[in-house]
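To start, the structure itself, in structure tokens.
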Amino acid sequence: MEKDMIKPIKRLSFREEVYQTLKQSIINLELKPEERLNDKELAEKFGISRTPVREALKRLEDEGLVESLPGSSTRVAPLKLEEAKHAFTVVAALHALAARLATPLLKETDIEELEFSNKTLRLAIENGDVIKAIEADGTFHKVFLDSAANPEIALALDRIVPKIQRLEISQFISLKGLKSVEQHDQIISACKNQEHERVVRLVEENWLSLGELLTQARSRGEFS
């Protein structure tokens, strides 16, 4: 049998593309919390059969971004503050571990990337560009993840982070804002001075601070 006759990849790529598109739309709040999801309508929009859409929705349900309701209806999972708070604790610990592994290995180019990402973050916040701010914040922390070179940390974060990103995106500018830029400046300074344990502590505090701010917001009645 000739190799070019075996073509299962196209269907798999459809499934992956649908999954990634829906996931990003949920995270970016283009698909709102509790918004109903109809697999037939989604399939028509994608121009494909319903099977890849159903598979993508099932995968997103397993990840906590979609939920099934009685009567076979499906919707975007609501924002759950308590769940996000618990997730932030785990995310902070994983990023602190990455920093512990990465800091002794950082190169000058890594420091430059940290500085550039933080400048981009500051500019995005000043311009009120939430998505770009989140991307810049992610790029900043990715420097440590890449240098740590531990795929298990990245895999664990990929599973958890989407649960908190919607809340982070919805509140990043108003709650975290320039405080994160200032925390990043401290992290960069500690990296330059090779204060390894201080870097670890600051990275963990950086992630935990948003959870604390969300708790304060809830006490003011801003969230359910």
Side-chain angles (χ1 to χ4, degrees), residues 16 20-21 23-24 27-29 63 84-214:
E16 184 65 22
Q20 292 293 346
T21 300
K23 181 177 181 178
Q24 205 56 49
I27 290 173
N28 290 347
L29 302 179
E63 295 176 3
K85 283 164 56 181
H86 292 311
F88 266 111
T89 302
V90 178
V91 168
L94 289 170
H95 275 288
L97 175 58
R100 185 180 299 281
L101 296 173
T103 305
L105 306 174
L106 292 179
K107 303 174 183 177
E108 184 62 32
T109 53
D110 295 320
I111 302 296
E112 292 172 356
E113 179 62 26
L114 290 172
E115 292 177 326
F116 179 79
S117 299
N118 207 32
K119 288 178 182 177
T120 303
L121 174 59
R122 180 186 291 275
L123 183 61
I125 290 172
E126 291 173 349
N127 291 334
D129 190 334
V130 181
I131 299 302
K132 193 164 186 178
I134 295 294
E135 290 175 351
D137 188 61
T139 300
F140 180 92
H141 290 285
K142 191 174 182 294
V143 172
F144 295 102
L145 290 172
D146 289 345
S147 295
N150 187 320
E152 293 300 325
I153 298 176
L155 285 172
L157 285 170
D158 284 343
R159 183 76 177 178
I160 302 170
V161 166
K163 293 182 179 182
I164 65 174
Q165 275 187 314
R166 290 187 300 161
L167 254 177
E168 190 178 7
I169 287 173
S170 68
Q171 300 301 319
F172 191 90
I173 297 297
S174 60
L175 287 181
K176 202 171 186 181
L178 292 174
K179 180 178 179 181
S180 190
V181 176
E182 295 167 358
Q183 290 174 330
H184 287 182
D185 282 335
Q186 294 175 13
I187 292 169
I188 293 169
S189 177
C191 287
K192 288 180 176 179
N193 294 329
Q194 298 184 356
E195 300 172 285
H196 299 168
E197 288 303 315
R198 184 165 181 259
V199 172
V200 174
R201 176 174 57 80
L202 289 171
V203 167
E204 186 170 25
E205 289 176 358
N206 181 230
W207 283 98
L208 288 174
S209 63
L210 182 56
E212 293 171 0
L213 288 167
L214 286 170

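The chain is numbered in sequence order, starting from 1.
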With a 3.5 Å cut-off and sequence neighbours excluded, list the donor-acceptor pairs that the side chains of residues 101-108 form with protein atoms.
unit_1, atom_1, unit_2, atom_2, d
Thr103, OG1, Ala99, O, 2.5

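The CZ atom of Phe88 lies 11.5 Å from the NZ atom of Lys85; values are rounded to the nearest 0.5 Å. In this structure, CD1 on Ile153 lies 7.0 Å from CG on Leu145, to the nearest 0.5 angstrom. Atom CD in Glu126 sits 9.5 Å away from atom CG in Leu121 (nearest 0.5 Å). For the atom pair Asp129 CG and Ile134 CD1, the distance stands at 10.5 Å (nearest 0.5 Å). One distance of note links CG of Asn193 with CZ of Arg198; it measures 8.0 Å at 0.5 Å rounding. The distance from atom SG of Cys191 to atom CG of Leu114, rounded to the nearest 0.5 Å, is 6.0 Å.
Using a 4.5 Å cut-off on side-chain heavy atoms (C-beta onward), Ile188 and Phe140 make contact. Residues Leu94 and Val90 have side chains in contact (heavy-atom distance under 4.5 Å, counting atoms from C-beta outward). With a 4.5 Å cut-off on side-chain heavy atoms, Leu97 and Asn150 do not count as touching.
Every residue two or more places apart in sequence or in another chain was checked for a side chain to side chain donor-acceptor pair (under 3.5 Å) with Glu182, and none qualifies. Looking at residues two or more places apart in sequence or on another chain, you find a side chain to side chain donor-acceptor pair (under 3.5 Å) between Asp146 and Lys142. Applying the side chain to side chain donor-acceptor pair (under 3.5 Å) test to Glu135 and every residue at least two apart in sequence or in another chain returns nothing. Evaluation of the side chain to side chain donor-acceptor pair (under 3.5 Å) rule for Glu205 yields Arg201 as partners, not counting sequence neighbours.
Here side-chain hydrogen bond (donor to acceptor under 3.5 Å, both in side chains) pairs that include residues 111-123, with residues two or more places apart or in two chains, are Glu113-Ser117, Glu115-Lys192, Asn118-His184, Asn118-Asp185.
Looking at every heavy atom in both residues, Val200 comes nearest to Ala96 through CG1-O, 3.7 Å. Residues Glu195 and Ser189 come closest through the heavy atom pair OE1-O, 4.4 Å. The shortest non-hydrogen separation linking Glu204 to Ala93 is OE2-CA, 4.3 Å. Summarising the geometry of Ile27 relative to Pro162, their closest heavy-atom pair is CD1-CB, 4.0 Å, with the distance given to 0.1 Å.
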Does the side-chain contact (heavy atoms from CB on, under 4.5 Å) test come out yes or no for Leu29 and Arg166, once each step is laid out? CA-CA 7 Å; Leu29 302 179; Arg166 290 187 300 161; 3.8 Å; yes
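Counted by atom type alone, Asn206 and His95 present zero donor-acceptor pairs between their side chains at under 3.5 Å.
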